[in-house]
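Chain naming here is simple, since letters A, B, ... match the order of the sequence lines and numbering starts at 1 in each.
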Protein chains: 2
Amino acid sequence: MRGKATLRDVAERAGCSITTASNILQGRSHLYREDMAQRVLRAAHELGYRPNSVARSLARRRTAAIGVVLDPHHVRLTHNVYAHDVLDGILAYLEPRDYDIRLITPRTNDAATVWRRIDNGSIDGAILIAPVMGSPLLEWRHYSSLPVVAVGSTLPDEYLLSQVDIDNDAAMAGLVEWVIQQGHRAIGFIKGHPLHWSAHQRERAFRRVMMLNGVPLREEWILQGDYGPESGALAASRLLRQKEQPTAVIAANDDMAVGFIQKCRELEIAVPDTISVAGFDDAYWAQRVGLQLTTIQHDRYQVGYLAAQMLLHHIEMGDAPPQRILIPGALVVRQSVAPAHALASMPTLTTTLLTEGGSRL
Amino acid sequence: MRGKATLRDVAERAGCSITTASNILQGRSHLYREDMAQRVLRAAHELGYRPNSVARSLARRRTAAIGVVLDPHHVRLTHNVYAHDVLDGILAYLEPRDYDIRLITPRTNDAATVWRRIDNGSIDGAILIAPVMGSPLLEWRHYSSLPVVAVGSTLPDEYLLSQVDIDNDAAMAGLVEWVIQQGHRAIGFIKGHPLHWSAHQRERAFRRVMMLNGVPLREEWILQGDYGPESGALAASRLLRQKEQPTAVIAANDDMAVGFIQKCRELEIAVPDTISVAGFDDAYWAQRVGLQLTTIQHDRYQVGYLAAQMLLHHIEMGDAPPQRILIPGALVVRQSVAPAHALASMPTLTTTLLTEGGSRL
DNA sequence: GAGGTTTTTAGGAGCGTTTCTATAGCACGA
DNA sequence: TCGTGCTATAGAAACGCTCCTAAAAACCTC
């Protein structure tokens, strides 16, 4: 019984036409006499009428739903911690605006299948979560004319995709700068996953700031990782086996930094006394485990929130030119990095410094 | 141009009726002559035709979408770690079956609004993520006739909801039993969030097994927590301030156990040498941080997978009676619990023991 | 070559809304 | 008495698809 009452039923019970019922239920009751409006509203209430959103979408040619598309590369949502916070931000923005969210996780690279699942009339626009290099999703403009915003990957302009991301370059630059200021001249780096744009941006910033400060870059101290903690541990065992070793290591993310530190503990190498370690991301779990990781904090929630906002704007405005928002990160100084030559005097308070602001395309 | 070709366009181009095009594109080409089928398929391909899923849903009276509903209580998805794994399992089952997922996060308790958002014809069924006590979602049967499966909360039978959950009772019983077998007779407990069914079930199992084994229950060692790490730390400072202290503490989840251990470290109390600590859940982040937490591992992914399977079954079968699946947990022995009187001989290998199996309603 | 079967194709009524357009009914001034 | 301009309401055509039913075409058979 419930959930099956249709507009026709309401109209019938109120003794009016479907048009009338529709108008009044959409809030246009000023068009009608007071008592008519009351009759319809009451009828709807008595029948427990709920408008069928599918029929409405068809008639309106708008679905009031947006798709959140996970790159096929991120096989499991779980393993993409990034996505959770972003999703929260998206939900927070969209929920009060009565938009629905469709979670789309293509598990194939077959273009026809992927696009049939994404652009089949069921959404008004989409947010792409961290598309990686070579992802079929990057060819969006080629397969779909739906508005779209990419988050978590700062993409080259030629893709013509709107984007919201953290400012990887500026944030990493600030971190490296700071480490150098701590007196370190022998600094290693653990790279992120080679298919992630962010990995390259963070590495590039590292190299640039090192050069600019005249600190020698030693390739044997720049190790490949994949953003996973195990790869950090692996990098540690590789690095610490070398004859000469850096006094500080910057990992492209916290997970690898934690893996690195774990391995150091196993090998009984003191952090930060013997070697300083910095991370990036300010991962939730790394914080509450007493590692006191010096890292870059950034607001993933806000990334999602702004992405949703930008997407709705695109949906309403029709095709606006692609836009890019970069959100600045903040350096969080904890205790995993010590001054290079004054190991005794470590900062005891947790300090937060803003790195330089974001930029716009 | 793209994404706008309609069935009519395809039919026109292939020189046939809409019916014919529809049938062939739905795979019923055996009804037609080979060349007709080819013509239609080619036309569709040339036009880049993609069936409009909204229109299809309306006509078929099935949406091929299910809703994943987060309890309003879990304000942020992020803070509900549980949900991620479950969602992964759901996605894994549903994606290959061409079902869509709608993420629904009601942020209000107003019934009309909540149900207008959930049961408005846009989904064929729903999975409820960990509804808490007093949640409006529990009145599902009262507001909706859609098939539904609850996960993460083992609910009383009277709600008439199908469920998939881990077997909190059996798993906790196994853990407590094991701790007692390690020789502990002075055991404390940190309770989970009072609105979560699981918190009560875990506590009840703790009390029962203690009684059954004739181990004295000391209420001053049974502390209220809320599943968050801070509440574990708080419990630690409360407990460790007492004149008499337990030799082991069981926390209702890992987050609290970790908070507890952190606080112990601060207070320079050795774990497990002075006090043993066990957790529950085998949280991802607790593992890779060197805490070596003895805990209960359970397969949240499978919970999601089975819930999705059960839901689809309900959708296809019409109203089957509510069903309940409880998945057994596994005791993972690491190093945070030491034998009560032989602190030197701790297990060095990580061992996994299955607790007793699940049960069915 | 008429009647009967079977194969192949088309017609058209939904599905539940929205929305454009039309039409009563009525008061008004000219 | 006749438009004119309101206000309050209804009709009906979409939206793009599915699917039940029926018609047309082809193929037999005697």
If you check every side-chain atom of [X], which of [options] has the closest atom?
| X | options | answer |
| --- | --- | --- |
| B:T6 | C:dA10, D:dC17, C:dT18 | D:dC17 |
| B:M36 | D:dT9, C:dT9, D:dG16 | C:dT9 |
| A:N52 | D:dC15, D:dG16, C:dG16 | C:dG16 |
| A:S17 | C:dT18, D:dG16, D:dA10 | D:dA10 |
| A:Q26 | D:dT9, C:dA10, C:dT18 | C:dT18 |
| A:Y32 | C:dT19, D:dT9, D:dT18 | D:dT9 |
| B:R33 | C:dT18, D:dT18, C:dT8 | C:dT8 |
| A:T20 | D:dA10, C:dG16, C:dT17 | D:dA10 |

For this session: Answer yes or no: side-chain N or O of A:T19 and base N or O of C:dT19 forming a donor-acceptor pair under 3.5 Å.
Result: yes
Exercise. More 5' along DNA chain D: B:L7 or A:R39, using each one's nearest nucleotide?
Worked result: A:R39
Exercise. Nearest nucleotide by nearest heavy atom, which residue falls closer to the 5' end of DNA chain D, B:V54 or B:N23?
Worked result: B:V54
Exercise. Would you say A:R8 has more than 12 foreign heavy atoms packed within less than 6.0 Å of its CZ?
Worked result: no
Problem set entry | Heavy-atom side-chain proximity of A:S162 to A:R324 below 4.5 angstrom |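 Not in contact.
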Exercise. Does the side chain of A:I66 reach to within under 4.5 Å of the side chain of A:V68, using non-hydrogen atoms?
Worked result: yes
Problem set entry | Atom-pair distance (CZ on A:R28; P on D:dA8), nearest Å | 16 Å
Exercise. What is the distance from CD of B:E12 to P of C:dA10, rounded to the nearest Å?
Worked result: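 Checked: the CD to P distance equals 13 Å.
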